[in-house]
Peer 1: 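So that we are looking at the same thing, I have put the structure below in structure tokens.
Quick caveat: nothing in here was measured; it's all calculated off a predicted structure. Heavy atoms only: backbone and side chains are in, while hydrogens, waters and symmetry mates are out.
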Amino acid sequence: MTSTEDGEGLAGAVSEPPSADRRLGAGGSATALGGHGELPAVRGFGARLAETFGTVGQLCVGIDPHDYLLDAWGLPRSASGVREFGLRVVDAAAGLIGIIKPQVAFYELYGAAGFAALEEVLAAGRAAGLLVIADAKRGDIGTSAEAYGRAWLAAGSPSRPTR
């Protein structure tokens with residue numbers, strides 16, 4: 001999933017024909033039926049990516065708060081630890097690179113609190129002018145697959161469906 005500046009997912013960023021509930025209003029702007037005002041203009045992901053490549057290059061920094069990195073940075077193995085880790089990376093990246101990619105698995109480990117931490121990291125990245133890509137795939141490489149497994153299957157995990 002890719003975040004857009006307004007917080008919508010990739011579906012909101014892809015240039016698509018207007019749906020049945022949209023029409024072009026005065027001046028060619030898309031408006032919602034029923035007079036609810038103008039919809040915000042959405043730049044496509046490809047256009048934003050090309051702009052980023054042209055201005056700050058192609059480097060994408062992954063934000064993967066492994067346990068050993070949390071330990072090395074003196075952060076707790078908790079939602080607050082992964083939040084702080086992510087925010088520190090965003091602060092370090094802002095102005096130097098254009099793209100960050102937080103690995104969702106490491107945030108999922110901490111249930112709802114982890115998702116809240118991830119949302120803060122995503123918002124901080126957008127606020128810093130970074131293009132933000134959430135790395136949220138299943139069947140991933142070893143360390144991410146292990147983190148997803150721990151998030152959903154480990155005893156005591158807040159996301160575990162059964163206890």
Side-chain angles (χ1 to χ4, degrees), residues 1-16 40-163:
M1 177 174 141
T2 302
S3 296
T4 64
E5 287 132 347
D6 60 5
E8 293 180 3
L10 182 58
V14 176
S15 178
E16 297 177 1
V42 178
R43 287 180 35 225
F45 178 76
R48 291 183 293 125
L49 183 64
E51 180 183 335
T52 298
F53 283 0
T55 57
V56 291
Q58 298 180 10
L59 182 62
C60 174
V61 173
I63 302 178
D64 298 14
H66 293 272
D67 287 345
Y68 73 89
L69 291 173
L70 295 173
D71 295 344
W73 288 23
L75 297 171
R77 293 181 182 190
S78 66
S80 65
V82 296
R83 175 190 171 278
E84 180 63 24
F85 183 95
L87 294 176
R88 287 183 189 181
V89 174
V90 167
D91 286 345
L96 297 175
I97 60 120
I99 308 165
I100 58 168
K101 183 177 63 75
Q103 173 45 258
V104 174
F106 294 103
Y107 293 86
E108 269 187 38
L109 283 169
Y110 305 104
F115 279 106
L118 175 63
E119 289 174 359
E120 288 187 53
V121 172
L122 297 174
R126 288 189 303 270
L130 299 167
L131 191 60
V132 180
I133 301 170
D135 188 353
K137 59 195 172 294
R138 300 299 192 240
D140 201 358
I141 63 169
T143 57
S144 297
E146 178 186 345
Y148 282 125
R150 287 176 47 209
W152 290 98
L153 303 172
S157 169
S159 300
R160 186 173 176 179
T162 58
R163 300 282 176 210

Peer 1: State, with a plain yes or no, whether a side-chain heavy atom of C60 is found less than 4.5 Å away from one of I100.
Peer 2: no

Peer 1: Can you check whether V90 reaches I63 side chain to side chain, under 4.5 Å on heavy atoms?
Peer 2: yes

Peer 1: List the residues meeting side-chain contact (heavy atoms from CB on, under 4.5 Å) with E120, not counting sequence neighbours, and say none if there are none.
Peer 2: R83

Peer 1: Drop me the distance from L122's CG to I133's CD1, to the nearest 0.5 angstrom.
Peer 2: 11.5 Å

Peer 1: Measure the CD-CG distance between E84 and L70 for me, rounded to the nearest 0.5 Å.
Peer 2: 10.5 Å

Peer 1: Measure the spacing between CG of D135 and CD of Q103 and express it to the nearest 0.5 Å.
Peer 2: 4.0 Å

Peer 1: Return the CG to OG distance between L109 and S78, rounded to the nearest 0.5 Å.
Peer 2: 11.0 Å

Peer 1: If you measure from CD1 on I99 to CG on L49, what distance do you get to the nearest 0.5 Å?
Peer 2: 5.5 Å

Peer 1: In Å and rounded to the nearest 0.5 Å, what is the CG to CZ distance from L130 to R126?
Peer 2: 11.0 Å

Peer 1: Of all the heavy-atom pairs spanning A147 and A105, show the shortest one and how long it is.
Peer 2: CB-CB, 3.7 Å

Peer 1: Between R77 and D71, does any NZ, NE, NH1 or NH2 come within less than 4.0 Å of an OD or OE carboxylate oxygen?
Peer 2: yes

Peer 1: List the steps, then state whether side-chain contact (heavy atoms from CB on, under 4.5 Å) holds for V89 with V61.
Peer 2: CA-CA 8 Å; V89 174; V61 173; 3.8 Å; yes

Peer 1: Applying ring pair (Phe, Tyr, Trp, His ring centres under 6.0 Å), which residue pairs with at least one partner in residues 77-106 are found, sequence neighbours left out?
Peer 2: H66-F106, W73-F85

Peer 1: Might you point out which heavy atoms bring G98 and T52 nearest each other, and give the distance in Å?
Peer 2: CA-CG2, 3.6 Å

